[in-house]
Structure formats: structure tokens, C-alpha cells
Enquirer: 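I have a structure I would like to understand better, so I am pasting it below and will then ask my questions one at a time.
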Amino acid sequence: MSFVALRRRAAQPAASALPLASASPAAPAPLGDEPLDDKPLDGAATPDRRPALDWRIRFGVLALIWGFSFLFIKVGTQAYAPFQVTLGRLLFGTAVLAAAMAVKRVGLPRGARTWGHLAVAAFFLNALPFSLFAYSELTIPSTLAGICNATSPLWGMALSLVAFSEDRPTRRRVAGLGMGFIGVLTVLGAWQGFSGLDFGGTAMALLASLSYPVGWIYLRRTLAGTGNSALSMTGAQLLLGTVQLAVVTPLFTSVPTSFPVVPLLAVLALGALGTGFAMLLQYDLVAEVGPTTAQMVTYFVPVIATVAGVTLLGEHLSWNTPVGALIVLAGAALTQSRPRRRTAAPTSP
């Protein structure tokens, strides 16, 4: 979830869409709709900049990074325990943000209250979902995990209708939720009695997707409109998530006796690219093209995750998986769409 997005949401009516970062597996929850800088969240907008690469190229790179994150998780868990994969992911992701903070000369936020809220956010947006996805891919394909991740906007829409009175259950949103639910049942093969489905792994992947909007709602209620910079808050959140995993991991795992290169590189890519660099890339995208356009990357992630899992990992894909995924994405898009405003016909003088 983005802290700069929280600022915009604090000043506008509640939107139905879940911030894209939260919806990405791999996506660290913190994403934003303005560039990362040392400007307070309530500060004025920064002047327009001319990025070296066209936004469409960066959009495609971001979709690829997040789409391949599920493959990285699967490869990483082939040699390391899920908690170890998550710890490495957070550690490398935090290192990228720390480097960005050093370059921009941004310090960490102050105040015990802020750090307390960030600790809760780090649990729901980083430590918990990242760990659940890692554990889920021990027993389910990376393709299914990527598709489960696509349900985050649906969870977010359903929860926001309960948590925020301004988010009214319009027909369009209710229809989108219903369509998304049908899509999930299609992916899981409900008409076949869910035969061949690993309930434990699938449930963990769905819970991971649910965890993102829970964290988003918490942030929106507690840290919207703070005076700290987005980069500062996001860096602190990932740092706290790293600390949480550093405490938990030794209690449930033992130190690896070997460090296979390929799984280690997968964890490095998962953290440095999928959690750190992707976060910075997303900020710039939203700042340039706006949150609505940038959020469309969500719909490419499960497609890329499926292609990567099938072609590179040799995962089996039955017809109901891609069909159900398309229905889920259509439902998610419907919950986030807005009806066009009708403009009054000009009157003659």
C-alpha cells in the first residue's frame, strides 16, 4: 500500500480499487501515486519530469517483474524454507529502498505511534502474505498462486464496503464481486468437487491475497495524511517486516547446510527486483500516468505468472484455470470501474 496514495485517498471520496501494490504478490504492499522523494505526504506536487524510458516500457517491465515473482518463489522454496525465502526477499528489498533513501537523503520517520502502526502494516502487507505465498507454493503450482493473488482487488472491494461508509455497494460493484466469485470457483474446479486441489496451499494463497486489503484498510485508517515522506514510510515498513521475519525464522527453521546458486539468485531477484526496484518503478509510473492507468498492470501479472510457470517450470494447466482467471480479472475490473458521467446538452442562447 502506498503512503502517497493514502494522502490522495484522504482528500477524495473512497475508491473501490485496491492500490496496486497491495494486490501484487510480489508486490510489496507499499506503492504510490507520486514519485518517491523527501517531500512530506501533504506537500505540493512536484514538477513534471521526463523519464529516460517511455512509461509503456516501464509498465511492461513492472508487469514482467511481478509476474515472474511467483516463479522466483517456487524456485527459492526448492532449496530454502518458506520463512527463509521471505526473510531474504524482505532483506534484499529493504536494501534497495535503503540505497534509494541514502541517495535522496531521506531519513526514517519519527514517533512511537507511527512506528507502531507501521509494524502492524508490515505484518499484514509484507511478513504475512509473503510467507503465506511461499508456503502455498510448496504444494500448489506458481500459476495457481498468481491467479489467487489476482483476487486481492475483490477482497479489497468487499472489505471496503464494510469498513468505509462512503464506499456504497453499487450494482456494478456487486456484479463484479459476484463475477469474481464465479471465477474463483471456476479456477478451483467446483463442479468436479475440487478434485485434485490442494486445499491447504490454495487456502494460504487466498489468505495472502486477503491480507493485502486488510493492511490497506488499516493504513488508510491510521496513517493517511502523515507528514513523513512516502519513501521514508515505505522503507521503515519493509525494515520492520524484515525484523519480524528475522525473529520468527530461526524459531521454525535451521540454518541451511548449503546455498544452491539458482534458488539463491531467485530469492535475490524476488527481493531486489520484485520487492525493492518494482516499488520504486511503480511510484514513478503512477506519478506520470496516474493511478488508474498504472493499476492496469494488475491484469497482466497472472497472465505472465501463468506463462512463466507453464513454459519454464513445466506446470500443468487445465482449461478451467485460465478461463477462471479471466473471469476473476473481469470481475476485479468491474468492481474498480466507474460509470461515465453524463454531460448536460448545451442549451441554445
Side-chain angles (χ1 to χ4, degrees), residues 1-6 19-22 24-32 35-38 62 65-66 68-69 72-73 76 80-111 114-134 208 211-212 215-216 218-219 223 226 228-250 253 259 263-284:
M1 168 63 195
S2 162
F3 294 100
V4 280
L6 283 172
L20 179 59
S22 318
S24 166
L31 292 180
L36 287 174
D37 52 24
D38 199 18
L62 182 60
I65 291 174
W66 277 345
F68 270 84
S69 291
F72 293 149
I73 293 172
Y80 305 107
F83 275 140
Q84 294 170 346
V85 171
T86 304
L87 176 59
R89 174 182 188 173
L90 286 169
L91 184 62
F92 292 127
T94 302
V96 172
L97 286 187
M101 292 173 66
V103 171
K104 294 178 178 291
R105 298 181 180 179
V106 175
L108 291 171
R110 298 179 180 180
T114 298
W115 279 88
H117 289 314
L118 286 174
V120 177
F123 176 76
F124 284 107
L125 293 174
N126 302 115
L128 179 61
F130 290 179
S131 298
L132 286 173
F133 272 125
S211 182
Y212 288 131
W216 161 68
Y218 181 83
L219 278 178
L223 292 177
T226 62
N228 296 288
S229 74
L231 178 56
S232 173
M233 300 282 277
T234 303
Q237 179 183 310
L238 282 186
L239 175 62
L240 288 168
T242 304
V243 172
Q244 291 170 1
L245 262 295
V247 172
V248 172
T249 301
T253 66
F259 295 88
L264 182 60
L265 290 177
V267 175
L268 174 61
L270 179 64
L273 294 178
T275 305
F277 177 72
M279 198 178 302
L280 300 175
L281 186 61
Q282 171 70 1
Y283 275 114
D284 284 339

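Each residue takes its place number in the sequence, starting with 1. Keep in mind that the numbers below use all heavy atoms, side chains included, and drop hydrogens, waters and symmetry copies.
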Enquirer: What residues form a ring-ring contact (aromatic ring centres under 6.0 Å, His included) with Y218, not counting sequence neighbours?
Expert: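 Testing Y218 for ring-ring contact (aromatic ring centres under 6.0 Å, His included), a comparison that skips the adjacent residues, returns H117.
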Enquirer: Evaluate side-chain contact (heavy atoms from CB on, under 4.5 Å) for I73 paired with R89, printing each intermediate quantity in order.
Expert: CA-CA 9 Å; I73 293 172; R89 174 182 188 173; 4.0 Å; yes
Enquirer: Identify, with sequence neighbours excluded, every residue that meets side-chain contact (heavy atoms from CB on, under 4.5 Å) alongside T242.
Expert: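 Applying side-chain contact (heavy atoms from CB on, under 4.5 Å) to T242 gives L87, L90, L91, T94.
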Enquirer: Let me confirm one number: the OG1-CD distance from T249 to Q244, rounded to the nearest 0.5 Å.
Expert: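 Rounded to the nearest 0.5 Å, the OG1-CD separation comes to 11.0 Å.
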Enquirer: Which atom pair, heavy atoms only, marks the closest approach of G107 to S232?
Expert: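 Scanning both residues, the minimum pair turns out to be O-OG, 2.7 Å.
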Enquirer: May I have the step-by-step check of side-chain contact (heavy atoms from CB on, under 4.5 Å) for Y212 and L125, ending in yes or no?
Expert: CA-CA 5 Å; Y212 288 131; L125 293 174; 4.2 Å; yes
Enquirer: Roughly how far apart are L231 CG and R105 CZ, rounded to 0.5 Å?
Expert: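 Reported value, rounded in 0.5 Å steps: 14.5 Å.
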Enquirer: Within this structure, what is the CG-OG1 distance for the pair L97 and T275, rounded to the nearest 0.5 Å?
Expert: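 Taking CG in L97 and OG1 in T275, the distance rounds to 9.0 Å.
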Enquirer: Look up atom CG in L280 and atom CD in Q282, then write down how far apart they are to the nearest 0.5 Å.
Expert: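 Going from the CG atom of L280 to the CD atom of Q282 covers 11.0 Å.
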Enquirer: Determine the minimum heavy-atom distance between L219 and A121, stating which atoms define it.
Expert: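 For L219 and A121, the tightest heavy-atom pair comes out as CD2-CB, 3.6 Å.
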Enquirer: On a heavy-atom basis, which atom in L128 and which in S211 lie closest, and how many Å separate them?
Expert: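 It is CD2-OG, 3.6 Å.
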Enquirer: Roughly how far, to the nearest 0.5 Å, is the CE atom of M279 from the OG1 atom of T234?
Expert: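 With rounding to 0.5 Å, OG1 (T234) is 6.5 Å from CE (M279).
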Enquirer: Write down the atom of F92, the atom of A272, and the distance for their closest heavy-atom approach.
Expert: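 Heavy-atom minimum between the residues: CB-N, 3.7 Å.
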Enquirer: Which atoms form the tightest heavy-atom contact between S131 and T86, and what is the distance?
Expert: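 What the structure gives for the nearest pair is CA-OG1, 3.4 Å.
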Enquirer: To check you understand the geometry: which heavy-atom pair defines the closest contact between W115 and L239, and what is its length?
Expert: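 Result for this residue pair: CH2-CD2, 4.4 Å.
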